[in-house]
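This is a predicted model, so every value here is computed, not measured.
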Amino acid sequence: MSMPDADSLLLPVVDEDGAPFWEYAARGELRVQACASPACGELRFPPRPCCPRCGSFPSEWRLMSGRGRLWSYVIPHPPLLPAYAEQAPYNAVLVELADAPQIRLAGNVVASPDAPLNSVDPARLRIGAPVRAAFCPAGPSGSVTLVRWLLER
């Protein structure tokens, strides 16, 4: 079951700072930018040119486990865009990463990586529920790989 009319859904805008995030996602890896200064090492998201803690510019991309928990979620009523109205009710979530609790990623909880946004009954969502990252190519010719979330059992 794939996303209906997936090309009409909003896709992320890939900029220079965030491009590595999307390149790693296309390989099935969840990575977060980190300060490469040995005295700092601060993880940061969204990606940016310099460290907000120490101000240094060198950075690296650290592999995360892909596990997290639902920090917050919403079921939009009514959906504002026609492509989303077709999939209502669906969820929009913030996931707190297990290995970096200060990092929260936005996305959707789905039944499988390529399932429609409405593939999980909203009644199954709970704050604190464990989730794991899944990767779904989207856009024209799979031009970007979205990070989506699966409920853990």
### Task
Could you walk me through whether Leu43 and Met64 pass the side-chain contact (heavy atoms from CB on, under 4.5 Å) test, one step at a time?
CA-CA 11 Å; Leu43 291 172; Met64 300 286 112; 4.2 Å; yes
State yes or no: do [X] and [Y] share one hydrophobic cluster built from I, L, V, M, F, W and Y residues joined by side-chain heavy-atom distances below 4.5 Å, directly or via other members?
X: Leu125; Y: Val74; value: no
X: Leu94; Y: Phe45; value: no
X: Trp71; Y: Ile75; value: no

How about [X] and [Y]: do any of their side-chain heavy atoms sit closer than 4.5 Å?
X: Pro122; Y: Asn91; answer: no
X: Tyr73; Y: Val109; answer: no
X: Phe21; Y: Val14; answer: no
X: Pro52; Y: Arg44; answer: yes
X: Ser65; Y: Leu97; answer: no
X: Asn108; Y: Ser119; answer: no
X: Leu63; Y: Tyr24; answer: no
X: Pro20; Y: Trp22; answer: no

Main chain of [Y], side chain of [X]: is a donor-acceptor contact present, judged purely on distance under 3.5 Å?
X: Tyr84; Y: Leu10; result: yes
X: Asn118; Y: Gln87; result: yes
X: Arg62; Y: Glu60; result: no
X: Arg148; Y: Ala115; result: yes
X: Glu152; Y: Arg132; result: no
X: Asp15; Y: Gly18; result: yes
X: Arg31; Y: Trp61; result: yes
X: Glu42; Y: Arg53; result: no

### Message
For the CD atom on Glu16, are there more than 12 heavy atoms of other groups (residues, nucleotides or ligands in this structure) within a distance under 6.0 Å?
### Response
no
Determine the minimum heavy-atom distance between [X] and [Y], stating which atoms define it.
X: Ile127; Y: Arg69; answer: CG2-NH1, 4.3 Å
X: Ala129; Y: Leu151; answer: CB-CD2, 4.1 Å
X: Trp149; Y: Ala106; answer: NE1-O, 4.3 Å
X: Val120; Y: Ala111; answer: CG2-N, 3.5 Å
X: Asp17; Y: Pro49; answer: OD2-CD, 3.4 Å
X: Pro140; Y: Leu11; answer: CD-CD1, 4.2 Å

### Message
I'd like to know whether Val131 forms a side-chain contact (heavy atoms from CB on, under 4.5 Å) with Val93, so could you lay out the CA-CA distance, the side-chain angles of the two residues, the decisive distance to 0.1 Å, and finally the verdict.
### Response
CA-CA 11 Å; Val131 293; Val93 302; over 6 Å; no
### Message
For a side-chain contact (heavy atoms from CB on, under 4.5 Å) check, start with the C-alpha distance between Cys51 and Ser37, then their side-chain angles and the critical distance, and finish with the verdict.
### Response
CA-CA 9 Å; Cys51 178; Ser37 168; over 6 Å; no
### Message
Among Val144, Thr145, Val147, which residue satisfies the side-chain contact (heavy atoms from CB on, under 4.5 Å) criterion with Pro12?
### Response
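With Pro12 as partner, Val144, Thr145, Val147 yield a single side-chain contact (heavy atoms from CB on, under 4.5 Å), made by Val144.
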### Task
Check the pair Val110 / Tyr90 against side-chain contact (heavy atoms from CB on, under 4.5 Å), numbers first and verdict last.
CA-CA 9 Å; Val110 291; Tyr90 63 91; over 6 Å; no
#### Entry: salt_bridge(Glu29, Arg27) N-O dist < 4.0 Å
no
#### Entry: Rounded distance (nearest 0.5 Å) linking atom CG of Leu30 with atom CZ of Arg67
11.5 Å
